[in-house]
Enquirer: 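Quick one: the structure is below, and I'll ask about it shortly.
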Amino acid sequence: MSEMLKEQTNTNEQPKFQPTNEGYYGQFGGAFIPELLFPNVKELEDNYLSIIYSEAFQKEYKYLLDQYVGRPTPLYLAKRLSEKYKASIYLKREDLCHTGAHKVNNTIGQILLAKHLGKKRIIAETGAGQHGVATATVCALMGLECIVFMGEVDIERQAPNVARMKMLGASVVPAKSGSKTLKDATNEAIRDWIGNPTDTYYLIGSVVGPHPYPDMVARLQAVISEEIKAQLLEQTGKENPDAIVACVGGGSNAAGAFYHYLEEESVALVAVEAAGLGVDSGESAATSQLGEVGVIHGSKTILMQDEYGQIVEPYSISAGLDYPGVGPLHAYLYESKRATFLNATDQEALDAGYELSRTEGIIPALETAHALAALEKMDIKEGSVIVVNLSGRGDKDLETYITHLKEEK
Amino acid sequence: MSVLIELLKEKQNRLCSVFFSAGFPQRDDTVKIIKDLDANGVDFIEVGLPYSDPLADGTTIQYSSSVALQNGINLDVIFEQLEAVKDQVSTPLVLMGYLNQVLKYGEQKFCQRCKECGIETVILPDLPMIEYENHYRALFASYGISNVFLITPQTSDKRIRKIDALSDAFIYVVASSSITGAKGEISEEQINYFKRIKAMELSSPLIVGFGISNQSTFDTACSYMNGAIIGSAFINFLDKNGTHSIDAFTKNILGE
């Protein structure tokens, strides 16, 4: 990872899809933070690159990714899916990571960073609980105090993940403000950070938040596309596929899967949002379609809001995709048309989840199922090479799948 | 020069500001609250623009914001209320809201409406200094609007000096490194912080916000700084008493 990134960082020419020094991707990004957070964010901004690319960090990060997370994750040619689309459909198996999703790539990196900065107390937000579990896991590993903010509504919806976090030694604090879901958990985490500015590290779970978080999380997830390149070369003789498909809530798995292909315009990038009950149903999380430019959680991006700028609560069957914003990189990929933004409804995602389970023996997370559902909507040329980032496994979603199965009968 | 800046030049001690959320407890209480505060010795009034995601506010102002939004308050209604009260009060009004509200409303339109309502000072806690300098300073100046910055115990001296140079009304001194909420007392640590800031001999008046809830905390804050802002304590009062006997509340703070 380090060599490839260093090349990009050191080049004189500003790559199109890397942020400026102030964290801007085009008009999106920046650090819209209250003065109260300035010292915390500044400390991070000043240190993240030098720490991440230090030899000591890289050595430990690499070791933990290989031996603790289980990387590299396989790149699997899904035979029956490939037959269906008359193309080569590869699945990047992030579902096989320790804790069951790509989230842990980021938490391993950030926990090492927190240690380098001498922080003692780790806070995080979580929606479905996947990032919370990944954070609780690395805190247990490093012996650091862990506090996870989770919307009161999500705590009820995601009981197994709450239990997992508690078993791992984390405190789960209910966010009781606003709509009591992910955005409110994020607000609570930020408020906690304001109140505890010196000893606390805020471990954000996606490519959202003030600069440098979007860039930092993208770099930590970039291992996904770094591996895809090497694995595709080995399996097909070429590094580049025709397209990469990933689901987008905040957008961390997509950022990681796209990262090393951002500047290679021959590779189509397909971002798939959750349409919920339908983009225009009023119950949706398709931010790029429904949102407008605004500021959320310290970042200028596209977000779902009403005519007075009040943030609107999104809806999706998948708790990992119902974020009212999208990371600033993705807002820029959308605006610049570098990525194609598709969406899938609850029903289409459920169907795709069943299809993968029955044709390939892999139960995907509901978030990931949205990416799979988008294959139906793509114009896939015969013989093309498509990589779908299989961001997480579906164990956490069994109850939803089972309910759906009963309804089908 | 704005009315507030004139006032800050004349009066340098015991400046008392009170904050409330527009549209709380009832949507149309805004006007009465402003009038009552105006009549009872408050030097300037901060009108909060209720926001769905008030990051820099504690539970009390989250609550008043959310009630006000449920009451149907919005920026158009608030500006109508402010326009209605404009000629009936002399106390300067300061608007406090979040940047996204201004962005969505339209930056020009927001400034224009402020001007029409006699608003000359705004506080946008999530508008960072660099964004202000690059994108808002000239715009605000063209409408005669002053922007107020916050400082905290963690803000470096260098940065405080820069904020001082950019400020033309006052500097909002956050009393503790925490979000708003009445805590009932001022700690020795906070007093040391006040002393440190005071010793910097800044050109802007220093007004303490966060944690001022009664006469004792107001007096303590005013013995080091130029004045103080009461927010959460007043919201709690309104929640309990509605808009009755606001004079009792201000007496309790000012001791008159």
Side-chain angles (χ1 to χ4, degrees), chain A residues 21-24 27 29-43 175-180 183-184 186-200 209-211 291-301 303-313 324-325, chain B residues 49-59 61-63 65-66 69 72-78 97-106 110 123-132 134-135 148-156 159-160 163 171-174 176-181 210:
Chain A
N21 289 338
E22 288 79 39
Y24 276 96
Q27 65 161 319
F32 292 84
I33 44 165
E35 186 63 32
L36 298 82
L37 280 178
F38 182 82
N40 312 35
V41 172
K42 181 76 177 144
E43 178 185 33
K176 298 178 178 181
S177 58
S179 51
K180 304 177 178 69
K183 82 173 171 72
D184 309 288
T186 308
N187 291 341
E188 290 305 327
I190 293 173
R191 288 184 185 116
D192 180 286
W193 205 23
I194 289 173
N196 298 281
T198 49
D199 67 336
T200 297
H211 176 64
E292 290 168 284
V293 176
V295 169
I296 183 171
H297 299 139
S299 182
K300 190 182 237 186
T301 185
L303 68 114
M304 290 167 64
Q305 52 186 318
D306 73 8
E307 60 173 313
Y308 292 103
Q310 308 289 348
I311 295 171
V312 168
E313 185 60 19
Chain B
L49 310 177
Y51 188 52
S52 58
D53 293 71
L55 269 187
D57 287 304
T59 49
I61 294 171
Q62 287 172 42
Y63 164 74
S65 302
S66 131
L69 289 171
I73 200 77
N74 62 48
L75 262 182
D76 284 322
V77 173
I78 293 169
Y98 286 81
L99 183 60
N100 199 49
Q101 297 173 283
V102 178
L103 279 176
K104 189 67 176 71
Y105 198 71
F110 179 82
I123 308 174
L124 301 167
D126 60 344
L127 173 61
M129 188 159 55
I130 185 170
E131 296 289 339
Y132 170 72
N134 292 342
H135 303 295
V148 172
F149 293 98
L150 281 67
I151 61 171
T152 84
Q154 270 70 41
T155 311
S156 68
R159 203 166 157 83
I160 291 175
I163 285 172
I171 294 178
Y172 194 129
V173 178
V174 178
S176 65
S177 266
S178 93
I179 44 180
T180 60
F210 298 31

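Values below: all heavy atoms of this structure, side chains included; hydrogens, waters and symmetry mates excluded. Order of the sequence lines fixes the chain letters, A, B, ..., with proteins taken first and strands second; residue numbering starts at 1 for each chain.
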Enquirer: Go through the atoms of B:Leu69 and report whether side chain, backbone, both or neither lie under 4.5 Å from a heavy atom of chain A.
Expert: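 Contact with chain A: side chain only.
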Enquirer: Side chain, backbone, both or neither: which part of B:Leu75 has a heavy atom under 4.5 Å from chain A?
Expert: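 Contact with chain A is through both the backbone and side chain of B:Leu75.
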Enquirer: What is the minimum heavy-atom distance between B:Ala56 and A:Pro34, and which atoms define it?
Expert: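 Here B:Ala56 and A:Pro34 meet closest at CB-CG, 4.2 Å.
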Enquirer: Does A:Val295 offer a backbone N or O that forms a donor-acceptor pair with the side chain of B:Asn100 under 3.5 Å?
Expert: yes
Enquirer: Is B:Gln101 in contact with chain A via its backbone, its side chain, both, or neither, using a 4.5 Å heavy-atom distance?
Expert: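 Contact with chain A: backbone and side chain both.
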Enquirer: Of the listed residues (A:Leu303, A:Thr186, A:Asn187), which shares the most heavy-atom pairs with chain B below a 4.5 Å separation?
Expert: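 The candidate making the most pairs under 4.5 Å is A:Asn187.
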Enquirer: Do NZ/NE/NH1/NH2 and the carboxylate oxygens of B:Lys104 and A:Glu292 come within less than 4.0 Å?
Expert: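 Result for this pair is yes, salt bridge flagged.
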Enquirer: Quick check for you: to the nearest 0.5 Å, what is the distance between B:Gln154 atom CD and A:Thr198 atom OG1?
Expert: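 It comes to 6.5 Å.
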Enquirer: Heavy-atom distances under 4.5 Å only: say whether A:Gln305 touches chain B with side chain, backbone, both or neither.
Expert: side chain
Enquirer: Would you mind checking which part of B:Pro50 comes under 4.5 Å of any heavy atom in chain A, side chain (CB onward), backbone (N, CA, C, O), both or neither?
Expert: backbone
Enquirer: Excluding sequence neighbours, so at least two apart, what forms ring-ring contact (aromatic ring centres under 6.0 Å, His included) with A:His297?
Expert: A:Tyr323
Enquirer: What part of B:Leu150 is in contact with chain A, defined as an atom under 4.5 angstrom from a non-hydrogen atom: side chain, backbone, both or neither?
Expert: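 Backbone plus side chain of B:Leu150, per the 4.5 Å heavy-atom cut-off to chain A.
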Enquirer: Could you work out, with ring-ring contact (aromatic ring centres under 6.0 Å, His included) as the rule, every residue matching A:Phe32, not counting sequence neighbours?
Expert: none
